[in-house]
Amino acid sequence: MAGPETDVRRFAADGTRIFAYGTRETDYLAERDPRLGEVIAAVGHVERPVDPDLCSSVIHQIIGQQISTKALATIWARTQAALGEVTPGSLLAAGEERLQSFGMSHRKAQYITAFARKVDSGQFDLEALRHMDDAEATAALCTLDGVGVWTAEMILLFCMERPNVLSFGDLAIQRGLHMVHHHRRITPALHRRYLRRYTPYASVASLYLWEVAGGAIPGLKDLAPKR
């Protein structure tokens with residue numbers, strides 16, 4: 001289980017900032033969903049890194065679309081090493097060709113350059129996102145080239161640390177629900193049911209569903225039909 005509510009962790013042992021939560025959230029989720037409660041008890045506290053900087057978070061999420069975690073880590077490390085601080089100015093100074101040389105696709109380099117140009121010119125106010133509710137922030141982010149609902153939701157969770165994100169478009173979340181609750185298919189209606197059940201702490205539920213999908217609980221199987 002997580003540590004005491006008054007001892008909500010914000011940093012891992014290596015100093016990395018992590019998504020903060022405590023027993024208030026886990027006790028609530030365990031009461032609302034006893035099966036998820038068993039997962040929480042077995043897994044313990046989940047430490048998922050967050051990046052409070054909106055600019056670098058948007059870039060990180062765009063780069064990470066449809067590639068492996070390992071590939072993302074490699075490209076992101078190259079980007080940071082080459083640019084130092086990832087800002088609209090440093091991205092525009094690098095240009096599309098150099099961004100591609102870090103390992104990202106031409107399309108993603110275009111998206112990132114367009115994003116940097118909008119922020120640098122003041123056309124898009126990144127910091128205004130912090131004052132919007134989840135729906136408003138998602139809609140605003142989706143006006144950016146290369147940002148869809150799933151990417152926006154990951155920014156809400158892993159940058160702004162919004163507490164109530166359960167992404168329907170995330171296949172690992174769906175897999176986790178399959179495994180915990182023995183579903184064969186997660187429909188939009190079923191997803192909404194779980195979101196209501198986990199509200200207002202659906203983001204913490206997401207952390208544990210990702211752990212389950214990654215094999216954290218031996219013996220839990222995905223009963224979804226093979227495609």
Side-chain angles (χ1 to χ4, degrees), residues 1-2 12 18-21 25-51 57 60-76 108 134-135 138 141-142 146-227:
M1 294 288 288
I18 58 176
F19 189 90
Y21 68 95
E25 292 87 352
T26 54
D27 287 351
Y28 176 88
L29 292 170
E31 181 179 352
R32 296 281 291 165
D33 187 342
R35 286 186 177 176
L36 184 63
E38 293 174 4
V39 169
I40 292 169
V43 171
H45 197 89
V46 177
E47 296 189 343
R48 289 294 293 261
V50 297
D51 178 3
S57 184
H60 191 266
Q61 293 298 337
I62 290 175
I63 293 172
Q65 293 168 357
Q66 299 182 321
I67 62 175
S68 69
T69 301
K70 184 178 179 180
L72 169 58
T74 299
I75 297 170
W76 186 240
K108 288 180 182 179
D134 290 356
T138 298
L141 283 164
C142 286
V147 176
V149 173
W150 176 85
T151 301
E153 289 171 335
M154 295 306 102
I155 293 166
L156 291 181
L157 205 165
F158 292 118
C159 176
M160 291 189 277
E161 295 187 73
R162 295 293 176 91
N164 203 41
V165 178
L166 186 78
S167 176
F168 176 70
D170 192 285
L171 296 181
I173 293 289
Q174 292 198 25
R175 177 175 167 81
L177 288 170
H178 291 161
M179 296 169 74
V180 173
H181 290 285
H182 311 302
H183 295 300
R184 297 178 67 83
R185 179 169 176 261
I186 304 299
T187 64
L190 189 55
H191 171 265
R192 288 193 295 271
R193 190 178 89 187
Y194 281 110
L195 178 58
R196 288 193 298 270
R197 182 180 299 182
Y198 298 149
T199 295
Y201 303 126
S203 293
V204 176
S206 294
L207 299 183
Y208 285 97
L209 292 170
W210 275 315
E211 291 293 306
V212 169
I217 308 294
L220 283 185
K221 296 181 179 179
D222 186 354
L223 300 180
K226 301 296 182 184
R227 295 181 180 179

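The first residue of the sequence shown is numbered 1, and numbering continues consecutively from there. This one's a predicted model, so the numbers in the text were calculated from it and none came from an experiment. Side chains are part of it too, since the values below use all heavy atoms of this structure and drop only hydrogens, waters and symmetry mates.
With sequence neighbours excluded, the residues that form a side chain to side chain contact (heavy atoms under 4.5 Å, CB included) with L220 are M179, V212, I217. For H191, there are no side chain to side chain donor-acceptor pair (under 3.5 Å) partners two or more places apart in sequence or in a different chain. Contacts of E161 classified as side chain to side chain donor-acceptor pair (under 3.5 Å), with partners at least two apart in sequence or in another chain: R17. Listed by chain and residue number, R9, A12, E47 satisfy the side chain to side chain contact (heavy atoms under 4.5 Å, CB included) test with I18 (two or more places apart in sequence, or in another chain). Not a single salt bridge (charged side-chain N to carboxylate O under 4.0 Å, His left out) links E38 to another residue, sequence neighbours left out. Annotation: side chain to side chain donor-acceptor pair (under 3.5 Å) contacts of D51 (sequence neighbours excluded): S56. Residues forming a salt bridge (charged side-chain N to carboxylate O under 4.0 Å, His left out) with D170 (at least two apart in sequence, or on another chain): none. By the side chain to side chain contact (heavy atoms under 4.5 Å, CB included) test, R196 is found to be paired with R192, R193, residues two or more places apart in sequence or in another chain being considered. Legend: residues meeting side chain to side chain contact (heavy atoms under 4.5 Å, CB included) with N164, ordered by chain and number and at least two apart, are L195, T199, A202. Residues meeting the side chain to side chain donor-acceptor pair (under 3.5 Å) test with Q61, sequence neighbours left out: none. F19 meets the ring-ring contact (aromatic ring centres under 6.0 Å, His included) test with no other residue; sequence neighbours excluded. Legend: residues meeting salt bridge (charged side-chain N to carboxylate O under 4.0 Å, His left out) with R197, ordered by chain and number and at least two apart, are D33.
For the atom pair CG (L166) and OH (Y198), the distance works out to 7.5 Å, reported to the nearest 0.5 Å.
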### Task
Dump the intermediate steps for side-chain contact (heavy atoms from CB on, under 4.5 Å) on E211 and V39, then the final yes or no.
CA-CA 9 Å; E211 291 293 306; V39 169; 5.9 Å; no

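Annotation for F168 and E153: closest pair N-OE1, 4.5 Å, computed over non-hydrogen atoms. The heavy-atom pair separating P49 from F158 by the smallest distance is O-CD2, 3.6 Å. What you find for R162 and D134 is that their closest heavy atoms are NH1-OD1, 2.6 Å.
A 4.5 Å side-chain heavy-atom check between L141 and T151 finds every atom pair outside the cut-off. T26 places a side-chain heavy atom less than 4.5 Å from the side chain of Y208.
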